[in-house]
Each structure stands twice: as C-alpha cells, then as structure tokens.
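I have placed the structure first, in the form of structure tokens, so that the comments after it can refer back to it.
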Amino acid sequence: MASGLIRDKIAQLVEDGINVLRNEGVVKLETTPDIMIERPSNRDHGDFATNLPLRLSRSTSLKPMELAQRLVDNIPVVEEIAKVEAASPGFVNFSLDDNWVQQQVDLVRESGSFFGNVQFGNGTKIMVEFVSVNPTGPVHVGHARGAVLGSVLANILDAAGFDVSREYYVNDAGSQMEAFYRSVHARYREAIGLDSEFPENGYRGDYISDIASDIVDEHGKGFADIDDSDAIREVGDIGRERMVSVIASDLEKIGVTFQNWFSEHSLYDGDQNQYDKAMQILKDQNYLVEREDALWFASTLLGEDKDNVVVRSNGEPTYFASDIAYHYNKFASRGFDKVVNIWGADHQGHVPRMKAAVKALGLNDDNLTVLISQLVTLKRGDEVVRASKRTGDFVTLNELVEEVGSDACRYFFLARSATSQMEFDLELAKKESSENPVYYVQYAHARNVGILNLARSQNIDWSVGDVALLTDPNELNLVRTILRLPELVEYMSDTLEPHHLPHYAMELAIAFHWFYENCRVISANKEDDQITLARLKLVEASQIVLKRTLELMGMNAPERM
RNA sequence: GUCCCAGUAGCUCAGGGGACAGAGCGGCUGCCUUCUAAGCAGCGGGUCGCGGGUUCGAAUCCUGCCUGGGACGCCA
C-alpha cells in the first residue's frame, strides 16, 4: 500500500487470498508468485483483472476456473471494489465501486496539479543525460526526437518521486571540435577578405560563416594579426560559446531545458581531475593494456568482442576515455543512484563497452540505462530529406519547429516508442495541423476551461456539488479514465517508456468529449441545479488532469482555441 | 561476416503470453436555435513479413529465413 494505488490494494487482496488457499493446502507453492494485476482491454471484464489462477492451476489439483472461484471466495469485501468474479477460462475480474469512483472526483480536485504524482522513485537521485549534440553545429531533427524523449522522461520521473537532474554533455574537446575551430577561423579570415585554407574535414554549413561574421562585428579583425594557432583557439572559443547558446535557445523553443550543461573539457581540469582518477582505477584493476603505441581498455576481459583505445598513440585521449571519466563523475563523484543516457541509434554499438567500463570502475552497471532513440527519416511528401552537418544540407530543429510548431513536434515524436524508427513527413504534419491528435487533446482542455469560465461568470459555486449524482456511464467512464494517470506515471517511470502518455492523453480527451456530448453541464433548467454543480466538479477534475498530462508532455494547455 | 532495431488496416503507428487485434490520418454517410463542429454518431478496411517450435493458449516467447534501417574507426 506504500504507493496508495488502488491497483496495489487489489494485488494485496489477491495475495492474501492466495495465502489462505496455500494454508489450506489447496495451492502448493514455496513462495507467492508475482501478482500481476492488469487492466482488461474489454470493459465488460471490469476495471482490473488477474490471470493468476491460469498460471497457478498447475500447482493444484483444480482446474483454472475452479481455482479462480476459490480465490474469489477468499477475497474480502472492501469499499473500493463492488464486484469480484471468476471469468472463463480462469481470470478474476474486479470492478470498482461506483460510489468510490465518484468520491475520487473530490480527491482529484484537492490534489490539483499534484494529481498523478506517485512515490515510486522514493527520492532516488537520477540523472537524465540527453541531446548532448557536439557544439559543431545546430541541433537537427534526428536529435529532436531524443530531446523530446529525454525531457518528457525527466518530467515523468519527477512526477514519480525521483530526484531528477537533466543534463547536457557538451563535447568541447576532441578532434571534431578542432575541425569546428579551424572552420570558424577560416570563415573569419574570409569575412575580412583574407586568404584562408578551409580545413579538409571542416564544417561547410552557412552557420559557420554567420558565426564568423558575428565575431568580426563584435570583436573586430584583431585575430588576424596574431599567430594562427592562437587565433584558431580564440576565435574557436568564441565560436563554440555562440554555438552552444544557439543550441540552447533552439532547444528552448521546443520546451527542452537543462539543470546542467556539463563540459567534457572540465573532466581534465583541476586537482579533482576526473579523467586521471578514472584511469587510475582502471589501471589498478589491470583493465588498461599498452599495445601498438596506444593505451587500450581491455573490455574483452569483461566479455566484449574487442578492446577499445582510450589513449591514442599521439597521446590524446579518445571520446571513449572522456566518457569513462564522465560516468565515473556521474556515479562516484556526484553520487547519482541511477543514470539514464539517451543516445542516437548510431551509438548503439557503444552501449556494451560503456557498461563494461562502468563495471570495470567498480560500479554497478545496472544503474546505467542507455536508451537508444532510433532514426528519424524526414520526408517532404515523397522526397527523403538527408541530414548531414558536414555538407550543410540538413533540416535543423529550428526549421522544424518553425514549420510544424513545438506542440505538434513533441506529440509526434512522443507517440512512437523510442525503439522504433519513424518517418516524419513535414508536409503531412503541416497539412494535418488542424486535424491533428495534438489539437484534439488541446481542444478538450480548452472546452473544459470554457465551461468553467462560463460557470464563474454566472457566479456558480460548485464546491458544494454532490459527486454522488455522477451516475451517467459517460461521467463514470471519464472519472475512471482520470484515475489511470498515477498508475501510468509509475509504469512509465519504471519502463522508461514515455510514449504511452500521448495515447493516454487521447483516451482522456475522448472520454471528455463523450461526456461533453451526452451530459449538459450548465443547464438553464432550475431542476438541474444539483447535477450542474456535480458536473462542474467533474469538469474541474478533468481540466486538472488534462492540463497535467499536457504539461508532462511539455505541451501547452490552451484556454481557448 | 558479426551485432542492434523494425516489419500489425491505404498511410503513420500503439498493443509485446491470455478473454472478440486497436488509435490517428485518409475514404464514405449523417449531426450545429442550447457550455467551442479543432466536436459527435455510423460504415468500410488486417493470412499481425514467411516457415518451424514451446504452451491449455502466440501478433506477443524461441529458432531459421526474407525485407528495410543502423552499428562494427587510434571520429564523436
């Protein structure tokens, strides 16, 4: 009962019932199996169900149906449950009591914006690290998906009682950055009419030239007079800062923010040098071997296919080395209990070696979860849009948000499970923009607010309404749908699957629109006064939950449309 | 060649051992004197990629194959 979820109370009732049968010798089991309480897809089967008799009948001499009936006989009557019945071929179905369901409307109203919260996380310190795009160019559509995924996951974990920190890892070290610095420097020289040699691996997008001319405008032409290597460093630093702030503001436009921007470079600084510390541990544990002038992490000792270089033959640490130090920092130095990384599909192959490294550091790799956000294929009608930063031919997050809008983007990205590749048709997203599921949900909220505003304008005080009058099937269905949110929050925080949220939002909106069609709220008839007050309470509860759901998804909850 | 992800309605995708396989969009037909028609009601649409296996029960688990995408760097 720690969670307070009605589902857990039912699980407890089932467990108690099974234990009675066990003591009677009907069920022969060493331990009680996991009690699975599910939501039946068919409403005729009640609000909750368990298939336990089907799974347990083998350990008894009873047929599943008989066992189900015996279990039903041993489940006590409680106020929340109106009906417990055995159902073929061996389920036990539970139906919530309508009176209890009605009363929840007042509880939702009291909970307000806290409705949906659960204590599942118990204050566990968790970091969600996501996006973490190299500051060598703007965020593009491929990253947008991970950005939305991460931000919503963090919201969900927050609601589920975790102590959440959202973090962006800024890869401000390494050879890719070097190419960026040289690119900015080359464009800088071009911008002031000097000759320049554009680096072979340079970034050719227009944004580099934009940054370069901004630097000319704001800092003058002085960098042309100093030594090239110094100029590259200084112009590059300014360029990187500008790039990072462009990234941050682009992400903000789609509602993605962070508590912390963590610099890769900082891992190599100061007396708390995280890189040195992490490497020392690996060295002490004999996980580092020298070979071909380079230093390797011997992940094969931990069952990996091959070893990976951590320090190149030129003495430079690899990205992987930084990542090892970074994860040492996350767990050991900053004390996160759990870490979730959201990586793009192209990093899929690096998950095992990262987990191996965490293990080698003496940490529990079960506390590191890497979610892979699969590829997004962007289309304009039939034409596939290729994304490549080097060629400059790509659709940026900014362009996407300008075209489709933040709410629609978020909803589209969110509605697909992270493991599925998805197609994003820009033309379709735009064309559908008024016939979109996004607006369906938002419209439900706006309608809701419209009713409440009308009631207020008529000075109706619905706080005295009697929820026991809410007996219409449409009303009860709406309350039941509302009551699923806390359970869903817990489930999503456990499975790290935010994509259930938009589906729930749809169902909630459907339930509301049904109610709206069939149950007139504010009536002109005097004899409807009492039901009007009760229904206003339900409308208020609906508005609270619709708003909360939209907020968890990082979407706007418009008051009129 | 090895590893990872996916294949479900015309399209985009949910469901991932159970009780008749779902939604949105698109198509067709109706519904605004009454709190927002960005809504509602109805119709049509599927050998759940293919073959084996496990199970009382498989879209779901195992295995083989086919198709599409990704990864196998002293890049990040």
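Within every chain, numbering begins at 1; the chains are lettered A, B, ... in the order of the sequence lines, protein sequences first and strands thereafter.
Phosphate contact (OP1/OP2 of rG15(B), side-chain N/O of His499(A), threshold under 4.0 Å): present. For the pair Arg312(A) and rC75(B), the criterion of a side-chain N or O lying under 4.0 Å from OP1 or OP2 is met. Residue Trp514(A) places at least one side-chain N or O under 4.0 Å from the OP1 or OP2 atom of rA41(B). In terms of phosphate contacts, Arg447(A) brings a side-chain nitrogen or oxygen within less than 4.0 Å of OP1 or OP2 of rA37(B).
Taking atom C1' on both rG70(B) and rG27(B), the two are 36 Å apart, rounded to the nearest angstrom. Of the C1' atoms belonging to rU8(B) and rU47(B), the separation is 12 Å, rounded to the nearest Å. Nucleotides rU63(B) and rA6(B), compared at atom P, are 14 Å apart to the nearest Å. Nucleotides rG53(B) and rU12(B) are separated by 33 Å at their P atoms, to the nearest Å. Between rC62(B) and rG26(B), the distance separating the two C1' atoms is 38 Å to the nearest Å. rG69(B) and rC13(B): their P atoms are spaced 15 Å apart (whole Å). Annotation: rG64(B) and rU54(B) have their C1' atoms spaced 15 Å apart (nearest Å). Rounded to a whole angstrom, the distance from the P atom of rC61(B) to that of rG18(B) is 10 Å.
Of the N and O atoms on the side chains of Ser322(A) and Glu264(A), at least one donor lies less than 3.5 Å from an acceptor on the other residue.
The side chain of Phe91(A) has rG18(B) as its nearest neighbour among rG70(B), rC40(B), rG18(B). The listed nucleotides are rG69(B), rG70(B), rC74(B); the one nearest the side chain of Gln421(A) is rG69(B). Of all nucleotides listed (rA41(B), rC35(B), rA14(B)), rC35(B) comes nearest to the side chain of Tyr516(A). For Thr419(A), taking side-chain heavy atoms from C-beta onward, the closest of the listed nucleotides rC74(B), rG18(B), rA6(B) is rA6(B). With rC74(B), rC5(B), rC35(B) as the choices, the nucleotide that has an atom nearest any side-chain atom of Gln348(A) turns out to be rC5(B). For Leu54(A), the listed nucleotide lying nearest its side chain is rG18(B); candidates were rC35(B), rG18(B), rU12(B). Nearest nucleotide to the Glu423(A) side chain, out of rG39(B), rC20(B), rU12(B): rU12(B). When the nucleotides rG39(B), rA19(B), rU12(B) are ranked by their closest atom to the side chain of Tyr440(A), rG39(B) comes out on top. Here the side chain of Asn51(A) is nearest to one of rA6(B), rG18(B), rG39(B), namely rG18(B). Checked against rC74(B), rG69(B), rA23(B), the side chain of Leu375(A) finds its nearest nucleotide in rG69(B).
Side-chain contact between Phe515(A) and Val539(A) is present, with at least one heavy-atom pair separated by less than 4.5 Å.
Across the strands present, rG68(B) finds its partner in rC5(B); the criterion is a Watson-Crick or G-U wobble pair with both atom distances under 3.5 angstrom. rC25(B) and rG10(B) make up a base pair, with Watson-Crick or G-U wobble contacts both under 3.5 Å. Pairing partner, rG44(B): none, since no Watson-Crick or wobble contact has both distances short of 3.5 Å. Remark: rU60(B) base-pairs with no nucleotide in the shown strands. Criterion, Watson-Crick or G-U wobble with two distances under 3.5 Å. rG39(B) is paired with rC31(B) under the criterion used here, namely a Watson-Crick or G-U wobble arrangement in which both key atom distances are under 3.5 Å.
Put simply, the side chain of Ser420(A) and the base of rC13(B) share no donor and acceptor less than 3.5 Å apart. Judged by distance alone, with hydrogens and angles left aside, Gln176(A) brings a side-chain donor or acceptor within reach of the base of rC75(B), the pair sitting under 3.5 Å.
Here the CZ-CG distance, from Arg480(A) to Asp47(A), works out to 4.0 Å after rounding to the nearest 0.5 Å. Arg535(A) CZ to Asn474(A) CG: the interatomic distance, rounded to the nearest 0.5 Å, is 9.0 Å.
Across all strands, Asn93(A) comes closer than 4.0 Å to base atoms (heavy-atom distances). Nucleic acid contact for Glu507(A): none, since no nucleic acid atom lies under 4.0 Å from a heavy atom of the residue. Nucleic acid contact class of Met506(A) (heavy atoms, under 4.0 Å, all strands): sugar-phosphate only. Nucleic acid contact class of Met422(A) (heavy atoms, under 4.0 Å, all strands): sugar-phosphate only. Nucleic acid contact for Glu559(A): base, since at least one base atom lies under 4.0 Å from a heavy atom of the residue. Within the 4.0 angstrom heavy-atom criterion, only backbone atoms of the sugar-phosphate kind lie near His500(A); the bases stay farther away.
Ring planes of Phe512(A) and Tyr516(A): tilted class, angle from 30 to 60°.
In this structure a side-chain-to-backbone donor-acceptor pair under 3.5 Å is present from Gln442(A) to Asn556(A).
A ring pair (Phe, Tyr, Trp, His ring centres under 6.0 Å) with Phe130(A) holds for exactly one of Phe258(A), Tyr169(A), Tyr168(A); it is Phe258(A).
Leu52(A) places its CG atom 17 Å from the P atom of rG17(B), with the value rounded to the nearest Å.
By the 5.5 angstrom centroid cut-off and the 30-degree plane limit, His45(A) is classified as stacked against the base of rA19(B).
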Candidate pair Arg520(A) and Asp528(A), rule salt bridge (Lys or Arg N to Asp or Glu O under 4.0 Å), full reasoning = CA-CA 10 Å; Arg520(A) 177 78 198 183; Asp528(A) 291 338; over 6 Å; no

